[in-house]
Amino acid sequence: MTGDCTVEVQFHVPPVALRPFFTTFYLTTLTVAKGRRVTDRLQPEWANLRLFDGDFPDSDIAGEAPMADLPAIFTGPTSRAVRFATGTTRIWGIGLLPLGWARFVDAAAGDFADKQADPLAAPVLSPFVPLIKGLFGAHPDAAAELARIEDHFERRLGEPGPDEPRIAAIHAALVDPANASVAALGEAAGVAPHTLERLCNRYFGFTPRLLLRRQRFMRSLAQYMLDPTSLWIDAIDGQYHDQAQFVRDFHRFMGMSPTDYAAMPKPVLSEVMRARHQAAGAAVQALHLPTAGQATSVDH
């Protein structure tokens, strides 16, 4: 319970066949005081499809048109915070890893970077329409809804694409803190520089340099969010040269200073991050390994 909002989270690691393609399938149930809405910010992450049963949230990314009154929102990979506001609702989230993008989205991730879309209106997202229209029944049933999500993607698995081994290698190298430069990233992944640029734009959404910068920042933010009683200086990743560099990154990725963020209420994300860390071993999507953990679900 946080102020006027109760947050319940269930994270489900996908079945083995789907595990390389998704972070988790997660259900967030928000109960908000009558006539009120809660506001929070999603941190930079991989692509997501979110489906709503109840109040439809409104959300926006800096510089982009806001999304509202939609039963589902598709968000590409992000390097900026996504602000959202909602009343009482149930939200199923489906987090696509870069391999998931390769298998289930027939478009360049760079075309959706830091953007949101109405999946019922975007032709390239039309394969998601049957899931969006058929997920919720007359009454909430988390087990049945999860089964529908798993069935939808298992039926769409198809055959591996030729880029998938290199995508997996790049992703594994990206989440390894030892790879602090683009050259190190390419060497660890065994991918030539021009190929690395092309594959990152196509499946990861950003340049290799920005992806590394995002990883460094998200390691720091996740560390702080798991222990908000600590000081920022204790959470700053070792790849930062100094605190000023971290503050610049904070403005770049979150649109505010660390001090302002620390003082801001986080009625939803604080609970979601704790639950994600316990269920999947990573507090934020961007830090998920290419293959998810072994937990099945967790309730909070």
Side-chain angles (χ1 to χ4, degrees), residues 8-30 42 45-59 67-78 82 84 86 88-109 111-113 115-161 164 203 205 268 272 275-276 279-280 285 288 292 296-297:
E8 298 178 29
V9 189
Q10 297 176 332
F11 279 96
H12 303 272
V13 173
V16 173
L18 297 177
R19 207 162 291 173
F21 309 108
F22 301 95
T23 54
T24 55
F25 301 144
Y26 51 103
L27 173 63
T28 305
T29 301
L30 303 177
L42 302 170
E45 58 184 3
W46 298 122
N48 269 271
L49 174 65
R50 293 184 171 91
L51 306 93
F52 314 117
D53 180 27
D55 185 82
F56 291 168
D58 61 81
S59 64
M67 309 291 286
D69 298 321
L70 297 173
I73 295 176
F74 183 86
T75 307
T78 54
V82 179
F84 69 92
T86 186
T88 296
T89 193
R90 301 170 70 244
I91 306 171
W92 272 104
I94 297 165
L96 286 101
L97 291 166
L99 274 176
W101 187 282
R103 191 66 71 95
F104 296 104
V105 184
D106 188 19
D111 292 343
F112 282 83
K115 295 179 180 177
Q116 298 180 100
D118 176 0
L120 296 180
V124 74
L125 302 177
S126 61
F128 295 115
V129 170
L131 176 62
I132 296 166
K133 293 187 173 181
L135 178 60
F136 299 112
H139 305 284
D141 188 335
E145 292 156 4
L146 176 62
R148 291 177 194 128
I149 292 171
E150 293 173 346
D151 179 66
H152 172 84
F153 288 108
E154 286 174 338
R155 286 186 288 106
R156 288 185 55 201
L157 260 179
E159 296 298 320
E164 290 193 8
Y203 302 111
V268 180
V272 169
R276 181 188 292 277
Q285 266 204 359
H288 272 261
T296 54
S297 68

[X] versus [Y]: any side-chain heavy-atom pair under 4.5 Å?
X	Y	result
Leu27	Leu146	no
Thr86	Val268	no
Pro57	Phe52	yes
Phe22	Leu97	no
Trp92	His12	yes

Mind listing the closest non-hydrogen atom pair of [X] and [Y] along with its distance?
X	Y	value
Pro119	Val129	O-CG2, 3.8 Å
Tyr203	Trp101	O-CB, 4.0 Å
Pro123	Ser126	O-OG, 2.9 Å

Pair listing, salt bridge (Lys or Arg N to Asp or Glu O under 4.0 Å) test, anchored in residues 138-151, at least two apart: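 Listed once each, the pairs are Arg90-Glu145, Asp151-Arg155.
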Derivation of the side chain to side chain contact (heavy atoms under 4.5 Å, CB included) call for Met67 and Phe84: CA-CA 9 Å; Met67 309 291 286; Phe84 69 92; over 6 Å; no
Residue list, side-chain contact (heavy atoms from CB on, under 4.5 Å) with Ala107, at least two apart or on another chain: Val105, Phe112, Val124
Listed pairs under 3.5 Å, donor-acceptor, residues 70-77 side chains, sequence neighbours left out:
none

Taking side-chain hydrogen bond (donor to acceptor under 3.5 Å, both in side chains) as the definition, give me every residue that meets it alongside [X], ordered by chain and number, with sequence neighbours left out.
X	result
Thr88	none
Tyr26	Asn48, Arg50
Arg103	Glu164
Gln116	Ser59

Distance (rounded to the nearest 0.5 Å) between [X] [atom1] and [Y] [atom2]:
X	Y	atom1	atom2	answer
Leu30	Asp55	CG	CG	9.5 Å
Ile94	Ile149	CD1	CD1	4.5 Å
Phe153	Leu96	CZ	CG	6.0 Å
Trp46	Thr23	CH2	OG1	11.0 Å

Flag, side chain of Thr28 to backbone of Val9, donor-acceptor distance under 3.5 Å: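 Absent.
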Test log, rule side chain to side chain contact (heavy atoms under 4.5 Å, CB included), inputs Leu125 and Asp118: CA-CA 9 Å; Leu125 302 177; Asp118 176 0; over 6 Å; no
Verdict with supporting geometry, Val13 and Phe25, side chain to side chain contact (heavy atoms under 4.5 Å, CB included): CA-CA 6 Å; Val13 173; Phe25 301 144; over 6 Å; no
Evaluation steps, side chain to side chain contact (heavy atoms under 4.5 Å, CB included), between His152 and Leu135: CA-CA 10 Å; His152 172 84; Leu135 178 60; over 6 Å; no
